[in-house]
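In what follows, residues are counted from 1 in the order of the sequence shown.
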Amino acid sequence: MIEKAIVFDIQRASLHDGPGIRTTIFMKGCPLDCLWCHNPESLSASRQLFFHYDKCTQCGDCARVCTENVHNFVEGVHTIDYDKCALCGKCVDACNFNALKISGKEMTVNDVMVEVMADVDFYNSSGGGITLSGGEPLFQYPFAKALLKRCKELGIHTCVETSGFVSPFKFKQLLPIIDILLFDYKITDSEDHKKYTGVPNQAILENLNAAYRYGTSIILRCPVIPEINDTDWHFNAISELNEKYPKLKAIELLPYHDMGNCKRISIGINETLTEVNTVLPETSNKWIVQLRSLGCDKVKIG
Ligand code: SF4
Ligand code: SF4
């Protein structure tokens with residue numbers, strides 16, 4: 001069977017998604033809906049129209065080619081009726097200012113491997129490899145499994161950046177073909193986890209435990225969002241995980257950045273986290289000091 005997935009970006013020569021020089025494959029689709037998501041175009045598993053409103057000159061060429069009346073200009077504002085878009089791509093081609101794109105492309109494992117293999121010498125010389133990211137890359141499970149398996153057969157190092165929200169049965173099957181997990185730890189209380197991400201965290205914690213007991217190398221990634229999880233209680237819980245799992249490779253704090261807000265507007269999502277500002281370096285440094293005082297000596301900014 002040919003496994004396919006909707007991929008919204010492939011970044012070559014990536015240096016921040018695991019060791020060495022890597023190719024990061026960003027897959028669409030996520031079962032969570034975190035308001036602070038910095039890749040909101042990954043939430044939907046489908047292709048979608050993406051509007052760079054800051055590049056738009058309001059020339060109107062997009063409206064002239066669109067047969068679905070998606071593009072409208074009301075009192076000097078270019079509005080988009082995303083629900084009507086048939087994803088034909090005509091407006092993308094018509095726009096001379098690169099203000100429009102279709103986010104997401106269907107790719108087979110072979111398609112992705114062509115891009116992966118182009119940098120194999122760099123992986124070998126730097127200790128790099130591939131990283132599956134998203135969205136939640138395990139949401140398109142058969143494709144993720146097939147791609148990881150192919151890489152391992154070819155001796156390519158594999159990282160997976162995951163929320164951990166996947167069936168424990170399926171997750172365990174992947175452990176032999178994942179070298180490093182970049183595993184999110186978002187919110188301690190399960191009810192709050194559900195409130196802010198849309199799902200509870202029991203299965204996530206079960207998967208974290210299974211991966212650790214299996215011996216997978218794990219970098220715990222902790223997004224810290226002011227007013228939501230920058231609490232002593234949550235930091236204490238991170239330090240308890242650090243004690244429970246002493247062989248964690250690292251703990252990375254991911255301080256909130258508001259760049260996801262613009263992207264949400266670009267794909268027609270109106271709900272944003274406007275009341276929270278991008279975290280200043282002095283605040284992140286304070287969190288690092290606090291966590292180190294709690295015994296997390298491997299903590300750093302991710
Ligand atoms: S064609 Fe491009 S620049 Fe012109 S109105 Fe449409 S989106 Fe804006
Ligand atoms: S992709 Fe096609 S249907 Fe969608 S807005 Fe552009 S021209 Fe219209």
Group every Ile, Leu, Val, Met, Phe, Trp and Tyr by side-chain heavy-atom contacts under 4.5 Å, then state whether I156 and L148 land in the same group. yes

Show, in sequence, the C-alpha distance, side-chain angles and deciding distance for K195 and E191, and conclude whether the salt bridge (charged side-chain N to carboxylate O under 4.0 Å, His left out) test is met. CA-CA 6 Å; K195 177 176 166 190; E191 280 302 309; over 6 Å; no

Are there over 12 heavy-atom neighbours, none belonging to F122, within less than 6.0 Å of that residue's CZ? no

Would you check if V224 and P255 make a side-chain contact, meaning some heavy-atom pair closer than 4.5 Å? no

Within-4.5 Å side-chain heavy-atom neighbours: V70 and C91: no

Under the 3.5 angstrom rule, does the side chain of S14 hit a backbone N or O of T24 as a donor-acceptor pair? no

Check whether more than 12 heavy atoms from other residues, nucleotides or ligands sit under 6.0 Å from atom NZ of K105, and answer yes or no. no

Enter the distance from F51:CZ to C85:SG here, rounded to the nearest 0.5 Å. 13.0 Å

Under the 4.5 Å side-chain heavy-atom rule for ILVMFWY, direct or indirect, which residues accompany F26? F8

Indicate the atoms forming the closest heavy-atom contact of P223 with K186, along with that distance. CG-CG, 3.9 Å

Which heavy-atom pair separates G134 from N39 by the least distance, and what is that distance? O-ND2, 3.3 Å

Evaluate the side-chain proximity of P200 to S190: yes if any heavy-atom separation is below 4.5 Å, no if none is. yes

Are the ring centres of F73 and H71 closer than 6.0 Å? no

Contact between F97 and C56 at the side-chain level, heavy atoms closer than 4.5 Å - yes or no? no

Any D33 side-chain heavy atom under 4.5 Å of L43 side chain: yes

List the residues meeting side chain to side chain donor-acceptor pair (under 3.5 Å) with Y53, not counting sequence neighbours, and say none if there are none. none

Note: N229 and H234 closest approach over all heavy atoms is O-CD2, 3.1 Å

Which atom pairs, donor and acceptor, lie under 3.5 Å between side-chain atoms of residues 291-302 and protein residues at least two apart or in another chain?
{"residue": "R292", "atom": "NH2", "partner": "V299", "partner atom": "O", "Å": "2.8"}
{"residue": "S293", "atom": "OG", "partner": "Q290", "partner atom": "O", "Å": "2.6"}
{"residue": "K298", "atom": "NZ", "partner": "P246", "partner atom": "O", "Å": "2.7"}
{"residue": "K298", "atom": "NZ", "partner": "L248", "partner atom": "O", "Å": "2.6"}

Anything under 3.5 Å between a donor and an acceptor, one on a side chain of residues 159-181, the other on a protein residue two or more places apart or in another chain? List them.
{"residue": "E161", "atom": "OE1", "partner": "S133", "partner atom": "OG", "Å": "2.6"}
{"residue": "E161", "atom": "OE2", "partner": "R221", "partner atom": "NH1", "Å": "2.6"}
{"residue": "T162", "atom": "OG1", "partner": "E136", "partner atom": "OE1", "Å": "3.0"}
{"residue": "T162", "atom": "OG1", "partner": "E136", "partner atom": "OE2", "Å": "3.0"}
{"residue": "T162", "atom": "OG1", "partner": "G164", "partner atom": "N", "Å": "2.8"}
{"residue": "S163", "atom": "OG", "partner": "E136", "partner atom": "OE1", "Å": "2.7"}
{"residue": "S163", "atom": "OG", "partner": "F165", "partner atom": "N", "Å": "3.1"}
{"residue": "S167", "atom": "OG", "partner": "F169", "partner atom": "N", "Å": "3.3"}
{"residue": "S167", "atom": "OG", "partner": "K170", "partner atom": "N", "Å": "3.1"}
{"residue": "Q173", "atom": "OE1", "partner": "K145", "partner atom": "NZ", "Å": "3.0"}
{"residue": "D179", "atom": "OD1", "partner": "K152", "partner atom": "NZ", "Å": "3.2"}
{"residue": "D179", "atom": "OD2", "partner": "K152", "partner atom": "NZ", "Å": "2.7"}
{"residue": "D179", "atom": "OD2", "partner": "T158", "partner atom": "N", "Å": "2.9"}
{"residue": "D179", "atom": "OD2", "partner": "T158", "partner atom": "OG1", "Å": "3.4"}

Tell me whether I80 shares a hydrophobic cluster with V65, the cluster being built from Ile, Leu, Val, Met, Phe, Trp, Tyr side chains joined at under 4.5 Å. no

How many angstroms lie between CD1 in I225 and CH2 in W36, if you round to the nearest 0.5 Å? 5.5 Å

Start with the C-alpha distance between L49 and I102, add both sets of side-chain angles, then the distance that settles side chain to side chain contact (heavy atoms under 4.5 Å, CB included), and finish with yes or no. CA-CA 5 Å; L49 186 65; I102 304 288; 4.0 Å; yes

So does K263 pair up with E41, basic N to acidic O under 4.0 Å? yes

What pairs with S266 under side chain to side chain donor-acceptor pair (under 3.5 Å), at least two apart in sequence or on another chain? none

Decide whether I238 and I288 are clustered together by the hydrophobic rule: side chain heavy atoms of Ile, Leu, Val, Met, Phe, Trp, Tyr closer than 4.5 Å, transitively. yes

One should read off an interatomic distance between C66 SG and D81 CG, to the nearest 0.5 angstrom, of 9.5 Å

Could you tell me whether K286 and E282 have a side-chain N and a carboxylate O separated by less than 4.0 Å? no

Are D61 and R64 ion-paired here, with the side-chain N under 4.0 Å from a carboxylate O? yes

Which atoms form the tightest heavy-atom contact between R22 and H157, and what is the distance? NH2-ND1, 3.0 Å

Side chain to side chain contact (heavy atoms under 4.5 Å, CB included) between I10 and M107: does it pass, once the steps are laid out? CA-CA 11 Å; I10 294 183; M107 298 184 83; 3.8 Å; yes

Could you report the tightest heavy-atom contact between A45 and F139, atom names first, then the distance? CB-CE2, 3.9 Å

Side chain Q58, main chain G76, donor-acceptor under 3.5 Å: yes

Do the side chain of K28 and the main chain of S44 share a donor and acceptor less than 3.5 angstrom apart? yes

Side chain to side chain contact (heavy atoms under 4.5 Å, CB included) for N209 and K244? Distances and angles first, verdict last. CA-CA 10 Å; N209 193 56; K244 183 176 178 185; 4.1 Å; yes

Taking C-beta and beyond as the side chain, do D230 and Y256 meet within less than 4.5 Å on heavy atoms? no

Can you give me every donor-acceptor pair (side chain of residues 109-121, partner residue at least two apart or in another chain, under 3.5 Å) with its distance?
{"residue": "N110", "atom": "OD1", "partner": "R150", "partner atom": "NH1", "Å": "2.9"}
{"residue": "N110", "atom": "OD1", "partner": "R150", "partner atom": "NH2", "Å": "3.1"}
{"residue": "D111", "atom": "OD1", "partner": "T108", "partner atom": "OG1", "Å": "3.4"}
{"residue": "D111", "atom": "OD2", "partner": "T108", "partner atom": "N", "Å": "2.9"}
{"residue": "D111", "atom": "OD2", "partner": "T108", "partner atom": "OG1", "Å": "3.2"}
{"residue": "D119", "atom": "OD1", "partner": "R12", "partner atom": "NH2", "Å": "2.9"}
{"residue": "D119", "atom": "OD2", "partner": "R12", "partner atom": "NE", "Å": "3.0"}

How many angstroms lie between CZ in R47 and CG in L87, if you round to the nearest 0.5 Å? 5.0 Å

Taking every heavy atom of A237 against every heavy atom of T188, the minimum-distance pair comes out as CB-OG1, 3.2 Å

So W287 and F235, would you call those rings parallel, tilted or perpendicular, with 30° and 60° as cut-offs? perpendicular

Quick check on the hydrophobic clustering: are I219 and L132 connected, directly or via other members, by side-chain heavy-atom contacts under 4.5 Å? no

Gap separating the OG atom of S42 from the CG atom of D9, nearest 0.5 angstrom: 11.0 Å

Examine Y214 and Y141 and state if one hydrophobic cluster contains both, with Ile, Leu, Val, Met, Phe, Trp and Tyr joined whenever side-chain heavy atoms are less than 4.5 Å apart. yes

Would a distance-only check, ignoring hydrogens and angles, find a side-chain to backbone donor-acceptor pair under 3.5 Å from N236 to D232? yes

Under 3.5 Å, side chain of Y123 to main-chain N/O of G20, donor-acceptor pair present? no

Verdict with reasoning, H78 to C62, per side chain to side chain contact (heavy atoms under 4.5 Å, CB included): CA-CA 10 Å; H78 180 177; C62 50; 3.6 Å; yes

Considering only heavy atoms from C-beta outward, does the side chain of Y185 approach that of I204 to under 4.5 Å? no

Taking the side chain as everything from C-beta on, heavy atoms only, tell me whether N207 gets closer than 4.5 Å to F183. yes

Would you compute the distance between atom CG of D189 and atom NZ of K194 and round it to the nearest 0.5 angstrom? 12.5 Å

